[in-house]
Protein chains: 4
Amino acid sequence: MAGVNKVILVGNLGRDPEVKHLESGSVVANVTLATTEAYKDRSGNRVENTEWHDLEMWDGQAKVAEQYLRKGSQIFVEGKIKSDTWQDEQGNNRKKVRIRVLSFTMLGSRNAEGGAPGGSSSNAGQSQPAPNKAQPAASMPSSGGNIDDVEDDLPF
Amino acid sequence: MAGVNKVILVGNLGRDPEVKHLESGSVVANVTLATTEAYKDRSGNRVENTEWHDLEMWDGQAKVAEQYLRKGSQIFVEGKIKSDTWQDEQGNNRKKVRIRVLSFTMLGSRNAEGGAPGGSSSNAGQSQPAPNKAQPAASMPSSGGNIDDVEDDLPF
Amino acid sequence: MAGVNKVILVGNLGRDPEVKHLESGSVVANVTLATTEAYKDRSGNRVENTEWHDLEMWDGQAKVAEQYLRKGSQIFVEGKIKSDTWQDEQGNNRKKVRIRVLSFTMLGSRNAEGGAPGGSSSNAGQSQPAPNKAQPAASMPSSGGNIDDVEDDLPF
Amino acid sequence: MAGVNKVILVGNLGRDPEVKHLESGSVVANVTLATTEAYKDRSGNRVENTEWHDLEMWDGQAKVAEQYLRKGSQIFVEGKIKSDTWQDEQGNNRKKVRIRVLSFTMLGSRNAEGGAPGGSSSNAGQSQPAPNKAQPAASMPSSGGNIDDVEDDLPF
DNA sequence: TTTT
DNA sequence: TTTT
């Protein structure tokens with residue numbers, strides 16, 4: 001019965017977060033995260049391999065994501081694997097795997113000050129204007145949320 | 001580019017490993033692992049939630065799995081998320097997520113000596129006779145494999 | 001500022017937990033945990049290497065430890081590194097590193113039912129009688145504590 | 001016997017790495033890493049707590065550290081706890097805990113291009129000129145080392 | 001001694 | 001779809 005289900009990721013967002021404010025008052029953010037590994041194949045050529053992860057963040061976390069994360073943002077994520085299963089129209093069993101984020105931390109913000117925060121690619125047309133990625137203390141959520149390490153504990 | 005993609009699981013096998021010896025000489029073992037978490041809901045009732053993970057082990061690892069793991073075995077797993085994507089007959093994009101195991105460790109075997117190793121449920125009819133789960137050093141694979149912590153590093 | 005400090009251990013207790021009930025009402029348990037790795041040296045000989053960790057558990061966690069953990073118990077631990085620094089009598093800077101446990105899970109108990117729970121080494125003379133290591137749901141702490149995954153979040 | 005001893009850190013270097021080239025040909029780099037966590041105390045005041053870790057890197061890893069890491073660099077580290085024990089002159093048992101790095105990844109380099117790489121504080125007087133922190137592929141070690149994820153597997 |  |  002004793003179980004551990006833990007995921008640790010460091011990667012970059014493929015898009016701006018998609019945030020939904022539900023009627024219940026809950027907020028959910030869906031984020032796609034790329035983790036890329038590079039290695040040499042047998043011929044000595046450099047090969048890159050990218051894995052795309054579907055992240056799910058809730059409530060306080062989702063709000064911080066909405067406010068501070070953008071396409072290209074680099075984050076550290078701790079979470080767990082969580083799958084939904086259902087039957088499709090053909091009666092086939094289907095399964096969708098997501099990472100339920102338990103906490104995340106923005107990375108690399110220190111050096112963003114000198115240049116365009118997030119770079120030119122971080123604020124594509126479909127998104128609202130990006131906030132200052134440098135995360136000055138003054139722009140911290142007054143709710144007491146912690147930009148740098150956002151936790152949100154639901155039972156599952 | 002800097003990426004981290006790490007999964008840590010502790011759980012029990014849902015079935016005996018399914019092992020295939022490929023013509024290429026490679027060996028692959030597919031394992032289903034359950035991680036269960038328990039919590040109290042708002043009414044104070046104990047609720048259990050089980051997540052099933054599809055694990056993939058290769059070569060030396062797969063051989064150790066074949067020899068020592070059985071339905072019910074408790075293991076610690078370190079691996080990474082790895083997905084296959086394709087189009088189904090309807091032209092829909094499909095994605096299958098697996099955990100590529102990088103190393104695993106058998107748990108709890110130390111105290112299993114006194115009773116039936118693995119318990120009555122650990123050796124269903126479709127499987128070969130289970131070996132002694134207590135893993136005495138003497139029964140270690142002569143190939144130099146390490147029963148307790150099996151690693152197998154492929155680039156991806 | 002963004003920081004991550006995470007430790008994951010699987011090992012066995014070197015002694016029964018040492019538990020102190022403080023006047024403040026807090027409870028602290030000190031636990032020594034051995035993690036052993038085995039490898040082959042250049043000559044092909046099997047070598048074992050054991051690292052001893054000093055764990056610190058508080059309150060609900062400490063109570064569960066007091067009640068259920070014994071010398072020899074195998075546990076999964078998640079925690080963080082936490083050091084105390086001071087000057088000794090000679091004026092030298094000293095540092096003591098501990099693992100502050102954030103959650104732990106008892107391992108291997110499921111299959112222990114058939115034999116002596118914990119095995120002969122798990123209940124040395126200096127300790128109180130060991131409880132049933134099999135952890136039936138019925139023997140769970142009525143306080144709502146979760147034997148299988150004990151969490152306790154202090155700020156640091 | 002089955003053991004897991006894993007440490008995961010994200011933090012910033014307190015100093016430039018101290019690198020020693022041993023007569024044996026081995027190279028060792030000692031690095032101090034700060035992991036900072038912030039939280040609100042009972043009065044709602046923001047409190048910061050910094051833990052300092054002593055990291056040890058060897059060979060290929062150490063060379064990459066020497067070349068690319070500087071005071072202030074942010075890295076992701078995976079390693080294990082490793083302690084040395086000895087008796088001091090007074091005959092007291094002493095123990096020194098280090099993190100043996102198994103792999104590390106440089107973080108946040110993407111946005112360093114626009115400004116001064118590493119910032120003004122990253123290259124203090126006592127250090128050699130910092131290399132371009134942006135890690136162009138062209139400056140990669142020809143030895144096949146991977147700047148972004150450096151691994152080095154010794155048995156212990 | 002870092003970082004924000 | 002990210003990043004280098």
Side-chain angles (χ1 to χ4, degrees), chain A residues 9-18 30-38 46 48-55 69-75 105-113 118-119 121-122 124 126-127 132-140 146-149, chain B residues 1-4 85 93, chain C residues 1-4 85 93, chain D residues 9-18 30-38 46 48-55 69-75 105-113 118-119 121-122 124 126-127 132-140 146-149:
Chain A
L9 305 173
V10 173
N12 299 276
L13 302 217
R15 305 169 170 238
D16 289 7
E18 293 179 6
N30 287 286
V31 171
T32 58
L33 189 79
T35 58
T36 301
E37 63 182 327
R46 191 163 187 274
E48 279 202 358
N49 201 268
T50 295
E51 182 70 34
W52 286 97
H53 309 271
D54 294 310
L55 313 185
L69 298 186
R70 289 295 173 270
K71 180 179 177 179
S73 297
Q74 187 186 37
I75 59 174
T105 300
M106 297 181 68
L107 299 173
S109 53
R110 174 175 172 265
N111 296 315
E113 273 187 319
S121 71
S122 74
Q126 78 278 17
S127 62
N132 184 346
K133 203 186 165 193
Q135 311 156 28
S139 70
M140 281 203 162
N146 182 348
I147 301 173
D148 289 311
D149 190 354
Chain B
M1 187 174 51
V4 173
T85 56
N93 288 322
Chain C
M1 187 173 50
V4 173
T85 56
N93 289 322
Chain D
L9 305 173
V10 174
N12 300 278
L13 301 217
R15 305 170 170 239
D16 288 7
E18 293 179 6
N30 287 286
V31 171
T32 57
L33 189 79
T35 57
T36 301
E37 65 182 324
R46 190 163 188 275
E48 279 202 358
N49 201 270
T50 295
E51 183 71 35
W52 286 97
H53 309 271
D54 294 310
L55 312 185
L69 298 186
R70 289 295 174 270
K71 180 180 177 180
S73 297
Q74 187 186 37
I75 59 174
T105 300
M106 297 183 66
L107 299 174
S109 52
R110 174 176 172 262
N111 297 313
E113 272 186 321
S121 71
S122 74
Q126 79 279 13
S127 63
N132 184 345
K133 205 185 165 194
Q135 312 156 26
S139 70
M140 279 202 163
N146 181 347
I147 301 173
D148 289 311
D149 190 353

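Throughout, protein chains are lettered first and strands after them, A, B, ... in sequence-line order, and every chain is numbered starting at 1.
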Worksheet item: Using centres under 5.5 Å plus planes under 30 degrees as the test, is D:Trp52 stacked with E:dT1?
Response: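 Answer is yes, a stack.
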How long is the line joining [atom1] of [X] and [atom2] of [N], in whole Å?
X: A:Asp16; N: F:dT1; atom1: CG; atom2: P; value: 15 Å
X: A:Met106; N: E:dT3; atom1: CE; atom2: P; value: 18 Å
X: A:Gln74; N: F:dT1; atom1: CD; atom2: P; value: 21 Å
X: D:Glu18; N: E:dT1; atom1: CD; atom2: P; value: 14 Å
X: A:Asn12; N: F:dT2; atom1: CG; atom2: P; value: 10 Å
X: A:Ile75; N: F:dT1; atom1: CD1; atom2: C1'; value: 14 Å
X: A:Lys71; N: F:dT1; atom1: NZ; atom2: P; value: 8 Å
X: A:His53; N: F:dT1; atom1: NE2; atom2: C1'; value: 13 Å

Practice prompt. Just compare F:dT1, E:dT2, F:dT4 and give me whichever is closest to any side-chain atom of A:Glu48.
Written response: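 The answer is F:dT4.
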Worksheet item: Considering only side-chain heavy atoms of A:Arg15, which listed nucleotide, F:dT3, E:dT1, F:dT1, is closest?
Response: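 Between F:dT3, E:dT1, F:dT1, the one nearest the side chain of A:Arg15 would be F:dT1.
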Worksheet entry | Nearest non-hydrogen partners of A:Pro17 and A:Leu69, listed with the distance |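 Distance-wise, the nearest heavy atoms are CD-O, 3.3 Å.
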Fill in: Those residues that, when tested against D:Thr32, pass side-chain hydrogen bond (donor to acceptor under 3.5 Å, both in side chains) (two or more places apart)
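Checked D:Thr32 against side-chain hydrogen bond (donor to acceptor under 3.5 Å, both in side chains); zero matches.
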Discussion item. List the residues meeting side-chain hydrogen bond (donor to acceptor under 3.5 Å, both in side chains) with A:Asp54, not counting sequence neighbours, and say none if there are none.
Written reply: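 Once residues adjacent in sequence are excluded, the partners of A:Asp54 under the side-chain hydrogen bond (donor to acceptor under 3.5 Å, both in side chains) criterion are A:Lys96.
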Worksheet item: Any side-chain heavy-atom pair from D:Leu13 and D:Leu33 closer than 4.5 angstrom?
Response: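 Contact flag for D:Leu13/D:Leu33 side chains = yes.
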